[in-house]
2 protein chains.
Amino acid sequence: MNPETPSSAERMPTIRDIAELAGVATSTVSRALSNPQRVNARTREKIERIASELHYVPSTQARGLSSGRTGVIAVLVPDITNPFYFDIIRGTQYQLKASGYTQLLVDTEEATDVELDTLRKLRRSTDGVLLAASRLTDQQLSDAASRQPLVTINRATAEAPTVLIDTPGAVVQALEHLASFGHRSVVYAGGPTSSWSNHRRWKAIEEAAAKRGMSATRLGPYAPTALSGAAAADATLGAGATAVIAFNDLLAIGMLGRFRERGVRVPEDISIVGCDDIFGADFCNPPLTTISSPIEQAGRVAVSMLMAQLDPIRGGTPRKLAVMPTHLKIRASTGPARA
Amino acid sequence: MNPETPSSAERMPTIRDIAELAGVATSTVSRALSNPQRVNARTREKIERIASELHYVPSTQARGLSSGRTGVIAVLVPDITNPFYFDIIRGTQYQLKASGYTQLLVDTEEATDVELDTLRKLRRSTDGVLLAASRLTDQQLSDAASRQPLVTINRATAEAPTVLIDTPGAVVQALEHLASFGHRSVVYAGGPTSSWSNHRRWKAIEEAAAKRGMSATRLGPYAPTALSGAAAADATLGAGATAVIAFNDLLAIGMLGRFRERGVRVPEDISIVGCDDIFGADFCNPPLTTISSPIEQAGRVAVSMLMAQLDPIRGGTPRKLAVMPTHLKIRASTGPARA
DNA sequence: CAACTTTTGGCAATCGCTTGCCGCCTGTTG
DNA sequence: CAACAGGCGGCAAGCGATTGCCAAAAGTTG
């Protein structure tokens, strides 16, 4: 069966090799290695010694096959190249490693069907899934959650534990900030229609604006990339706005570039507020006023919620919802409204 | 054995279920699904129909165990949060998916021992490894290459196929560019000592500078992060340089910030050239003149070289070395030397 | 139509590890 | 000293696929 491994390499040691050398049964080796307190200390030490001498590495395949656990957690993000997810990925990577899991990163390409398909395939080969900014419908999401342990990030569901970033909270701050600069109306450069947080942000803006007598206009949808920034910038200019809040920093940075191209000064002619405080928001020109949140921590929290779900005993009370705090980071892209 | 899966979920279908429904043996199902031309068309269609009705998903675990192939390729990068690797990751992700492989992303934390340890563990559970900017010694690297299919990126080895980015080539361009602006000496803000490309870049600079009668000074080592930029900037100022080439853009961007803090104007007081042309290099302030290369493509090429290694028959001539072209992207961070 | 080659599908042995169940050997207890 | 409880280790049955080997069926050929 096992064909000669491409890269030569002598056969890797198995628990059987260890068992033979130690003069015990394979079951004892297995237990010594993955259930230490189940075997006598002397036996265990001997087995451990032999195992390390042989450079033994357990086969995750075999282990998974017989135990039903894979030790793998998948992290699904809509777009690997979006720096926002970098921070999430970093957080999950870190925390998963600490919990002894391996991270499987998948880019779902902002596509619902890729996401759905991936989820289905992963059901077999992972112990759980972290779903960042899912593009699924509520129905699809709850189906998925019923089939496999799941935690969502930036997407609320009743069925699965969720980590939310309290952007709406900070939106209020952003509006106050803008109002204090004399802005009376604000434009929202919207993100993808299928994005749940896009709706959420717009709702928050609309509501907060109404509450303080400002007017709010929604533009878009725009793809959440720097490239789409040009279109968003032009539309914003067309709307005659003095202040704009962008769906995310990527879009905002793109808009910044377009404004510069067109000779529109920021913040003198127009103020712009981003969202996420990604890598780059602090050194673009001008540095972006944005809604900042502990994204990396969100990733870590999501992992711990998933761990709790996987092991309800040790995991303690499985929290169903975590909301990460946000705050407005004021930099140089916002200023007084022009008269 | 198989304990009740945490998230309820009825047992997943296996080839056995399909075999029963189709009235054939499991071996036939297996063949129909993974070796289609081996079974009669009618039988195959029937099996495929049943499989899809059952929402059958093969167990990668079981498949891997018996076939010896896992369908997983690991990608090791020193630091997930470095945008340079984003592009590589994106390239590998894309190409691996196209080749039917799953990408396992691992952050080795710029640490040799983590890298070594990961490599060892991965030997069992992956079909091959893509090693970006390895921190291993030549010896360790050749050991690793002899044990598992491997392709290195940005690190030359005799033992494994390699994808190199021709930074030295562009360094010459950078020096010419600087010389044309009247710069007579240049400082190199160096990267990590264990980085092979760091040595390579310095050598190229030293040599190219000598050839055109410029003087070159090396500073550092600095961690390849924006944070270390401050120290690098101060040292550069201390060295009285008029032009500096940074190990990478991250460092360069950090230096930009520090220069601004200290009231040093770029490029009037000092010119700075980065390396990699990462996300952000085009919109920082001022936009960074940098050495640009098709990083994402490097990732794709690396994957195809690995594929060729895994399947020498279909793979064609296994190229041992690919060099990605580079060019100097001139933006606003370089200008005439101050008199 | 016999002899022979292909196709096609089944049998059963793995792959490496986990785990339920059982029995032996101690040490403890009444 | 008999009875019993635990600790410790072994047996063997899987987990879900793949695949070498073989035989039956179907197709070819002279």
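Just so we're on the same page: letters track the sequence lines, and every chain starts at 1.
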Phosphate contact (D:dT19 OP1 or OP2) by B:R69 side-chain N/O below 4.0 Å: yes
How is A:T43 classified with respect to the nucleic acid when contacts are heavy atoms under 4.0 Å: base, sugar-phosphate, or nothing? sugar-phosphate
Starting at CE of B:M12 and ending at C1' of D:dC15, how long is that distance when rounded to a whole Å? 14 Å
By a strict heavy-atom criterion of less than 4.0 Å, which residues belonging to residues 23-31 of chain A are in contact with DNA chain C? A:S27, A:S30, A:R31
NA contact type, A:R42, heavy-atom cut-off 4.0 Å: base, sugar-phosphate, or nothing? nothing
Could you verify whether a donor N or O on one side chain and an acceptor N or O on the other, from B:S134 and B:T152, lie under 3.5 Å apart? no
Pair A:E159, A:S146: side-chain N/O donor-acceptor within cut-off below 3.5 Å: no
Any side-chain donor paired with an acceptor under 3.5 Å for A:T118 and A:E115? no
C:dC17 C1' sits how many Å from A:L54 CG, rounded? 16 Å
I need the CZ-P distance between B:R44 and C:dT8, as an integer number of Å. 9 Å
Is it the case that C:dG9 (base atoms only) and B:R38 (side chain only) share a donor and an acceptor within less than 3.5 Å, ignoring hydrogens and angles? yes
Under 4.0 Å from OP1 or OP2 of C:dT8: is there any side-chain N or O of B:N40 that close? yes
Nearest-Å distance for atom pair CG/P, residues A:L65 and D:dA17: 9 Å
C:dT19, C:dC15, D:dT19: which one has an atom nearest the side-chain heavy atoms of B:S67? D:dT19
Can you tell me the distance, in whole Å, between the CD atom of A:Q37 and the P atom of D:dC8? 10 Å
Rounded to whole Å, please give me the gap between CD1 in B:I18 and P in D:dT18. 11 Å
Provide, to the nearest angstrom, the distance between the CD atom belonging to A:Q61 and the P atom belonging to C:dT18. 13 Å
Answer whether the closest heavy-atom distance between the side chains of A:L105 and A:I89 falls below 4.5 Å. yes
Between A:R155 and A:D138, does a salt bridge (charged side-chain N to carboxylate O under 4.0 Å, His left out) hold up when you go through it step by step? CA-CA 10 Å; A:R155 169 67 130 97; A:D138 287 342; 2.8 Å; yes
Within the 4.0 Å heavy-atom criterion, would you say B:R124 contacts the bases, only the backbone, or no part of the nucleic acid? sugar-phosphate
Do B:I165 and B:F84 make a side-chain contact, defined as non-hydrogen atoms from C-beta onward lying under 4.5 Å apart? yes
Any side-chain donor paired with an acceptor under 3.5 Å for B:T70 and A:Q61? no
Given atom CZ of B:R63 and atom P of D:dT18, what is their separation to the nearest angstrom? 5 Å
